[in-house]
Number of protein chains: 2
Amino acid sequence: MSRLNLTTQRKAILDLVQSCEDHPTAAEIMERLRMNGHQFAYGTVYNSLRYLTDAGLIRELKLGETASRYDGRTEDHYHIVCKKCGRVDEVLSAPPADWIREVAAKTNYDVHHSQVVFEGVCYSCKHPNA
Amino acid sequence: MSRLNLTTQRKAILDLVQSCEDHPTAAEIMERLRMNGHQFAYGTVYNSLRYLTDAGLIRELKLGETASRYDGRTEDHYHIVCKKCGRVDEVLSAPPADWIREVAAKTNYDVHHSQVVFEGVCYSCKHPNA
DNA sequence: AATTAAATTTATACTAAGTCTAAATACTAC
DNA sequence: GTAGTATTTAGACTTAGTATAAATTTAATT
Ligand SMILES: [Mn+2]
Ligand SMILES: [Mn+2]
Ligand SMILES: [Zn+2]
Ligand SMILES: [Zn+2]
């Protein structure tokens, strides 16, 4: 509940994540920061990513891989992973409200949130010679 | 592609996972095996869980927690996690085919599979005094 | 049955991702 | 400017899981 405090490090990490076309892991973020001339402590990168996630400025994605990925897009959306090349693309269609209501009714839960990860083969991997 | 080989250890672990009402982690499985009088090496439990998962006899669930959970139910189904007490319940309604088709069309992927994890508050946590 | 070969288990070392700690810096409020 | 709070840093530590190599079990061959 305390007010936002964007230090140099946090700002640089926020800018970087927001500028990414993809969904980098913490390790990839550190690598890119280094390439941009920054050199922050290992722990600071993790602390900042958590801080920015808690502040709602970025999102942490747990896609079932060993490492979390980070996303500059904060609107609710989902992801699809190519099992051939590993790329992660956006899924902007939300699950139908009817289905969510049905799940809530059948499980007796208040459903607050859903994480959806699709798995499949992307266009480039499907058409390798195009 | 080799034929199934259920050793004593693998069989005991399969039986245990299939008998569970819940979705135990590897650590919980080891603990329960020990309580049932078994004493297998740490690595054997992990190896067996992988073997059984690859053989399609059990399922590995990656629900975004730090450890995988295992599931004796092998039909396609989904899960809902209570953010108060941590319990994991079954979700047996599948996402509507229309929605999956829409996702495939918009992303240009061949969609093979989807992982869905709902998050919310379970009945007991909602009605604590009942 | 004895011998060889292949698969599995075991104990233990190692890895990867992330958290924790305590000292050093930086920022705020007075 | 001083005191107090927040953050960064370096490095130790934790957790979940994998890799390795020797020992054991199982299967195949003579
Ligand atoms: Mn995204
Ligand atoms: Mn289940
Ligand atoms: Zn691909
Ligand atoms: Zn609950």
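Heavy-atom basis, side chains included; hydrogens, waters and symmetry copies ignored.
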With sequence neighbours left out, write down each residue that passes side-chain hydrogen bond (donor to acceptor under 3.5 Å, both in side chains) with D54(A), or none if nothing qualifies.
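Partners of D54(A) by the side-chain hydrogen bond (donor to acceptor under 3.5 Å, both in side chains) criterion come out as none, since no residue qualifies.
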
Partners passing side-chain contact (heavy atoms from CB on, under 4.5 Å) against [X] (at least two apart in sequence or in another chain):
X	answer
E28(B)	P24(B), T25(B), R32(B), R69(B)
N108(B)	Y123(A)
R87(A)	C82(A), C85(A), D89(A), C122(A), S124(A), Y109(B)

Mind calculating the distance between [atom1] ([X]) and [atom2] ([N]) to the nearest angstrom?
X	N	atom1	atom2	value
L4(B)	dT26(D)	CG	C1'	15 Å
R3(B)	dA27(D)	CZ	C1'	10 Å
N5(B)	dT26(D)	CG	C1'	8 Å

Taking DNA chain C as the partner, which of residues 18-34 of chain B come within under 4.0 angstrom of it by heavy atom?
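Residues of residues 18-34 of chain B under 4.0 Å from DNA chain C: none.
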
Which pairs would a plain distance check flag for residues 111-119 of chain A, meaning a side-chain donor or acceptor within less than 3.5 Å of a matching protein atom at least two apart in sequence or in another chain?
from	atom 1	to	atom 2	distance (Å)
H112(A)	ND1	K83(B)	NZ	3.3
S114(A)	OG	Y78(A)	OH	3.4
Q115(A)	NE2	K62(A)	O	3.1

For H77(B), enumerate each residue passing the ring pair (Phe, Tyr, Trp, His ring centres under 6.0 Å) test, keeping only those at least two apart in sequence or located in another chain.
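With sequence neighbours excluded, H77(B) shows a ring pair (Phe, Tyr, Trp, His ring centres under 6.0 Å) to H79(B), given in chain and number order.
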
Apart from V121(B) itself, which Ile, Leu, Val, Met, Phe, Trp or Tyr residues share its cluster (side-chain heavy atoms under 4.5 Å, direct or through members)?
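ILVMFWY cluster around V121(B) holds nothing else.
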
Report the hydrophobic cluster partners of Y42(A), with the cluster defined as I, L, V, M, F, W, Y residues connected by side-chain heavy atoms closer than 4.5 angstrom, directly or transitively.
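Via sub-4.5 Å side-chain contacts, Y42(A) links to L4(A), L6(A), I13(A), L14(A), L16(A), V17(A), I29(A), M30(A), L33(A), F40(A), V45(A), Y46(A), L49(A), Y51(A), L52(A), L57(A), I58(A), Y70(A).
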
Quick one: how far along DNA chain C does chain A reach, first to last nucleotide 5' to 3', anything under 4.0 Å to a heavy atom?
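First-to-last contact on DNA chain C, by the 4.0 Å heavy-atom rule, is dA17(C) to dT19(C).
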
Go through residues 35-69 of chain B and report each residue with a non-hydrogen atom lying under 4.0 Å from DNA chain D, sorted by number.
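Under 4.0 Å from DNA chain D: Y42(B), Y46(B), T66(B), A67(B), S68(B).
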
Nearest 0.5 Å, what's the NE2-OG1 distance between H38(A) and T44(A)?
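Reported value, rounded in 0.5 Å steps: 13.0 Å.
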
For the residue pair N5(A) and R10(A), establish whether any side-chain heavy-atom pair is separated by less than 4.5 Å.
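Side-chain contact under 4.5 Å: yes.
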
Five-pair end axes of the helix from dA1(C)-dT30(D) to dC30(C)-dG1(D), angle between them (10°)
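Taking the rotation axis at each end, their angle is 20°.
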
What do the steps show when you test D71(A) against E90(A) for side-chain contact (heavy atoms from CB on, under 4.5 Å), and what is the final call?
CA-CA 10 Å; D71(A) 196 334; E90(A) 310 291 26; 4.1 Å; yes

Quick one: which of V81(B), L61(B), L63(B) gives a side chain to side chain contact (heavy atoms under 4.5 Å, CB included) with H23(B)?
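Exactly one candidate clears the test, L61(B).
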
Tell me whether K126(B) at atom NZ has more than 12 heavy atoms from other residues, nucleotides or ligands lying less than 6.0 Å away.
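Counting other residues, nucleotides and ligands, NZ of K126(B) exceeds 12 neighbours.
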
